[in-house]
Amino acid sequence: MTTSTTGYKVIGTRPLRHDGVDKVTGRALYGADVQMAGLLHGRILRSPIPHGLLRSLDASKALELPGVEAVVTCADLTDPGDRIAELGEGAVNLKHLSSNCLARGKVHYKGQAVAAVAAVSAHLAEEALKLIAVEYEGLPHVTDVRAAMQDGAPLLHDDLVTESLGKPTGKRSNIAKHIQFKKGDVAQGFQQAAVVIEREFHTATVHQGYIEPHNATALWNADGTVTIWCSTQGAFTVRAQVAELLGIPLSRIKVVPMEIGGGFGGKIRVYLEPVAAALSKKTGKPVKITMNRADVFEATGPTPGSYIKVKMGADKDGKLVAARATLAYEAGAFPGSPLGPGAMCIFACYDIPNVHIDGYDVVVNKPATSAYRAPGATNAAFASETVVDELCEHLKIDPLDFRIQNGAREGTRRADGPVFPRIGMVETAQTAKQHAHYTAPLGPNPKAQISNPKFEKAGDGANLGFEISGLRVPRRGRGVASGFWFNCGLKSSASASVNADGTVSLVEGSTDIGGSRTSIAMQLAESLGIRADDVRPAVGDTDTVGYTDVTGGSRVTFATGWAAYEAGQDIKRQMIARAALLWGVQPEAVAYEDGTLRCLSDDKKRLTFKELSEKLHATGGTIVGRASVDPPGVGGGFATHVVDVEVDPETGKVTVLRYTAVQDVGKAIHPSYVEGQMQGGVVQGIGWALNEEYIYNEQGVMTNASFLDYRMPTALDLPMIDTVLVEVANPGHPYGVRGVGEVPIVPPPAALANAIYQALGVRMDELPMSPGRVMAKLLAKQ
Amino acid sequence: MKEIDYAAPATLTEATALLARKGARALAGGTDLIVQVRENRRDAELLVDLKNIAELNTLRFDAKEGLVLGAAVPCYRIAEHPDVRKRYPGLGDGVALIGGVQIQSRASVGGNLCNASPAADSIPALIALGASAVIATPSGTRDLIPVEKFCTGPGRTILGPGELLVHLHLPPPAPNSSSAYLRFIPRKEMDIAVVGVGVALALNDNRTACVFARIALGAVGPTPLLVPEAGAALAGRPLAEADLERAAELAQAQALPISDMRGSADYRRHLVGVLVKRALRIALQRVKGG
């Protein structure tokens with residue numbers, strides 16, 4: 001299904017990525033590759049307790065260790081006061097941001113940074129940490145959202161007063177904020193319902209799990225300028241945060257974004273950058289800090305655990321009439337969970353006349369949460385899409401027919417206000433319904449495989465099926481779920497210089513996480529009528545390219561692509577003027593089509609882009625196209641997923657057999673990268689659904705801060721993720737682009753829960769749906 | 001990580017002398033030890049690399065003597081050994097699960113035993129197969145200890161200063177016998193056993209009844225556990241489903257699981273029952289199929 005404009009030359013093709021060879025040969029430079037003369041290595045001392053006052057800190061013994069050059073604490077950052085700063089990706093409370101880099105008087109989670117050491121080797125720095133004497137006064141802690149909301153719960157912040165519907169309540173509590181969205185009259189709506197389902201759900205804290213740990217190298221030069229090389233989703237937001245935390249002007253800081261080994265929202269806030277800079281200031285030498293995996297889990301920003309209650313009602317014809325939700329999200333140590341987007345997304349797939357949503361942002365003694373791919377929406381969809389499935393079961397309506405009937409469409413008003421422009425929700429459900437997967441037989445339960453004659457496989461036989469009388473065999477089920485996520489605009493800049501050989505060098509400001517260099521270059525190439533290979537894209541540092549917001553919010557191909565398109569228009573205008581000069585005609589007499597300039601008054605006068613490029617130096621100099629955009633017209637994305645699972649009824653282990661992700665992508669600029677985003681999002685959603693979780697002991701300490709015990713799926717745990725691109729062009733973008741990167745993570749947990757229900761007859765209401773939890777549900781049912 | 005001394009002796013005499021020093025630790029493949037030292041989970045001042053000692057690299061089978069498995073023999077040699085595959089398939093099951101190709105090339109079963117993880121994948125099968133540990137002491141003697149008595153707690157063994165594991169000895173398999181090891185993990189690979197079960201059993205000549213069976217459990221106690229009553233209950237039985245059920249219940253009763261990040265005590269106890277039955281069925285099928 002497609003409504004996109006066709007006839008493109010470059011868009012929709014699959015050229016090799018410009019950075020491909022460097023990536024596959026290992027030549028691409030990441031933050032950990034940064035080396036320079038005199039480099040010192042920093043390590044962070046972290047709190048061993050989840051909550052407590054910092055009584056004293058004595059680093060004198062550490063400083064006596066030969067090779068140790070400096071120790072810094074919060075005293076080496078500027079005191080930010082209680083200020084809110086707008087840092088490009090949302091407002092940030094600087095007091096909290098600063099305390100999260102180096103604790104200020106109090107620790108709020110196990111792993112919070114307390115001090116940092118710079119030494120001539122990483123091992124020495126590690127040894128020096130043991131010599132820093134810190135005295136803590138431990139306080140009672142709370143790590144669960146509902147416990148934290150109760151009166152009498154340990155309070156994390158003395159000065160935190162609940163804000164309700166935008167107004168301070170005066171009540172001190174761990175509830176930072178209460179928000180509400182209302183549409184219609186839910187009480188009246190539920191009266192019209194023939195079926196009403198109300199359920200409660202819990203989801204665990206999960207981490208983005210990027211392969212590359214956070215890192216930062218800083219050099220505080222003698223002239224007072226600071227250069228920072230780091231792994232970030234946004235060099236400009238790092239610059240802004242560091243300027244605030246160190247109290248120096250933006251212009252003194254240059255941030256060089258290195259290649260990035262994954263971010264998913266977790267590499268926007270700074271952790272190490274200001275600390276490395278403070279150590280460099282003290283030592284006069286460059287300082288590099290890299291986290292290990294335990295640091296990443298315990299001290300960066302995962303996405304919240306949550307409690308969600310959902311009530312939905314439909315009339316006898318299957319029309320949704322009312323929906324009610326309460327969401328409580330764990331912000332972690334400081335306020336600011338992705339509660340807002342969760343509350344906006346929870347019912348966004350449907351056209352429902354009466355909606356009431358309440359949300360609570362709650363601090364707990366866990367690391368401060370940060371964005372993770374469609375922040376807040378996956379938790380919410382797990383709850384609402386499971387309830388929808390139950391409604392369909394009661395109404396005896398096919399779940400995809402239900403979505404086609406009730407799906408949001410152009411003109412539907414979301415509960416939080418906005419009215420959808422042309423969107424593709426219904427099209428994704430229709431496409432899923434027509435897909436061969438949806439009607440393929442699930443297959444008989446597999447026959448007995450008591451012994452696999454190849455013994456090396458027998459050890460995995462805990463999941464073997466057995467057909468022996470009286471024994472249960474693996475059960476299969478199929479589930480579907482939909483999801484919605486936004487598309488941000490925000491600011492992007494690009495500049496493009498025409499080279500004498502007919503190529504164009506493009507500099508843009510977006511960290512390339514999913515092949516965006518190429519997707520942006522392709523939009524420039526399309527606008528100029530040249531080949532993608534003839535554009536050489538590069539990601540600039542903060543001194544090289546105009547201001548560009550973070551790589552996030554599914555915005556880069558949309559907004560930075562738009563900047564490249566505008567830069568292309570700028571080049572075109574200048575090329576037309578140059579051809580007009582050469583031909584002695586007015587610019588209006590020159591046409592630019594398909595990469596060729598043509599004189600309208602003399603058909604013999606033609607110049608290809610390349611031919612004209614060769615003449616630029618002789619006709620006034622090179623041509624540079626520039627653009628800086630802050631585009632409206634964002635296009636949100638919808639997805640509908642179908643999944644088949646097999647469950648071992650004796651162990652509760654779920655195996656994903658087949659997965660099909662259908663998504664409205666607007667217009668796929670480079671379809672391979674769109675498919676890659678969809679597959680990556682689905683895989684993260686499967687991990688979140690089945691095994692990933694922060695497990696805490698009674699001391700408030702995470703017990704599984706390693707990839708061994710924080711169980712992300714490996715390639716062996718997954719089938720091929722099939723993708724279907726539905727192209728309902730975004731009317732707000734020159735090429736119809738929508739955000740595509742985030743929405744694919746939203747449906748998987750609900751789709752899997754619905755498939756598990758079909759397989760076993762038990763409704764899972766808690767994430768992850770790990771084998772032990774599934775088994776407990778099953779045993780409780782029997 | 002501080003500086004650590006390293007020695008690579010060529011003889012047992014040298015090795016036992018070095019291991020008697022303070023802070024000395026035996027190094028075979030190093031796949032556990034190096035990581036533990038780096039993460040401050042074990043301390044070491046001297047690493048004694050045992051891979052140059054001939055006795056520790058022996059791997060041989062003899063129908064009368066049984067299997068001699070040197071403590072430093074890497075996993076891939078064991079898992080690929082035709083006699084192991086044919087006569088001790090339960091050991092093969094467990095060893096093949098230890099790590100990927102790189103780890104298989106370094107890690108040893110001796111090291112897996114001496115690391116004394118309750119969840120070690122090779123130990124339940126060794127116990128079920130009746131393996132003994134041959135230990136060298138500084139005085140030059142050789143001690144023989146059943147594997148089920150080798151581990152004394154998580155990360156702890158009976159080895160004293162200057163003592164080292166030379167090889168494991170597995171008796172020749174009885175007629176009509178076989179073995180199996182099964183573990184449960186939430187993923188397909190890259191995981192530690194939530195529960196592991198090793199079984200070995202022998203049938204009578206017309207294969208109508210069990211002569212003996214041994215069952216050992218992993219990850220449900222401070223050490224891998226032999227559960228003798230569960231095995232004994234199968235002796236003389238035809239190994240019908242009810243017999244397997246009985247053995248499973250006895251094994252569950254003897255398990256001592258805790259709740260941790262890998263599973264709750266209740267779930268582990270449940271899995272013991274499931275895996276004992278499954279492992280017994282696999283071993284039974286192997287006898288009948290072979």
Side-chain angles (χ1 to χ4, degrees), chain A residues 121-124 126-127 130 292 294 448 450-464 466 468-471 648 650-655 687 690-691 693-697 702-718 768 770-773 775-776 779, chain B residues 1-3 38-40 79-80 84-86 89-90 92-98 121 125 179-197 241 244-245 259-264 266-268 270-271 273-275 277-279 281-286 288-290:
Chain A
S121 81
H123 297 314
L124 256 177
E126 187 78 39
E127 288 298 310
K130 297 174 190 165
N292 61 30
I450 287 179
S451 90
N452 186 332
K454 291 185 178 167
F455 81 90
E456 53 275 312
K457 284 285 167 200
D460 285 329
N463 208 25
L464 289 178
F466 298 96
I468 291 175
S469 56
L471 286 177
D648 181 336
E650 290 191 321
T651 65
K653 182 169 173 174
V654 176
T655 302
L690 295 183
N691 281 304
E693 65 178 312
Y694 274 47
I695 301 170
Y696 282 86
N697 64 17
M702 183 186 183
T703 58
N704 62 331
S706 72
F707 273 152
L708 183 62
D709 288 316
Y710 180 89
R711 297 183 179 110
M712 300 180 77
T714 73
L716 296 168
D717 298 305
L718 299 160
S770 52
R773 284 212 181 89
M775 198 67 230
L779 290 172
Chain B
M1 189 170 170
K2 59 185 183 190
E3 289 178 6
R38 196 167 58 208
E39 294 180 353
N40 293 317
E80 291 175 5
V84 171
R85 296 175 69 126
K86 189 174 168 199
D93 291 341
V95 173
L97 288 171
I98 297 172
D121 280 316
S179 57
Y181 173 74
L182 272 186
R183 70 171 180 190
F184 180 80
I185 55 174
R187 290 185 287 201
K188 287 220 167 71
E189 288 289 350
M190 293 275 290
D191 234 327
I192 304 285
V194 178
V195 172
V197 172
E241 274 305 309
L244 306 189
E245 191 66 50
S259 293
D260 66 10
M261 68 280 192
R262 295 186 185 132
S264 72
D266 285 348
Y267 184 52
R268 284 187 155 124
H270 170 82
L271 287 174
V274 174
L275 295 190
K277 286 183 277 183
R278 289 184 179 185
R281 288 189 206 111
I282 291 169
L284 190 55
Q285 184 68 26
R286 283 175 174 163
K288 292 183 171 171

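Chain A is the first sequence line, chain B the second, and so forth, proteins listed ahead of strands; every chain is numbered from 1. Any value given below was found using the heavy atoms of this structure, including those in side chains, with hydrogens, waters and symmetry copies removed.
For the pair N40(B) and K130(A), the tightest heavy-atom approach, listed with the atom from each and the gap, is OD1-NZ, 3.6 Å. The two residues Y267(B) and M775(A) come nearest to each other via the heavy atoms CE1-CB, 3.7 Å.
A search for side-chain contact (heavy atoms from CB on, under 4.5 Å) contacts involving D260(B) returns I258(B), R262(B), R268(B), not counting sequence neighbours. Among residues two or more places apart in sequence or in another chain, the side-chain contact (heavy atoms from CB on, under 4.5 Å) test is passed with A122(A) by H41(A).
Most heavy-atom pairs under 4.5 Å with chain A: of the set D191(B), D121(B), V95(B), L284(B), this distinction falls to D191(B). Of the listed residues (R711(A), M712(A), E693(A), M702(A)), the one with the most heavy-atom contacts under 4.5 Å to chain B is R711(A). Among L708(A), I695(A), N697(A), N691(A), the residue with the largest count of heavy-atom pairs under 4.5 Å with chain B is L708(A).
For the pair E189(B)/D717(A), no side-chain contact is recorded, criterion being any heavy-atom separation below 4.5 Å from C-beta on. Counting heavy atoms from C-beta on, the side chains of H270(B) and L779(A) come closer than 4.5 Å.
Looking at S770(A), neither its backbone nor its side chain comes within 4.5 Å of chain B, counting heavy atoms on both sides. With a 4.5 angstrom heavy-atom cutoff, F707(A) touches chain B only via backbone atoms.
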Verdict with reasoning, R278(B) to E650(A), per salt bridge (charged side-chain N to carboxylate O under 4.0 Å, His left out): CA-CA 11 Å; R278(B) 289 184 179 185; E650(A) 290 191 321; 2.8 Å; yes
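Checked by atom type and distance alone, the side chain of K188(B) never pairs as donor or acceptor with a backbone atom of P713(A) at under 3.5 Å.
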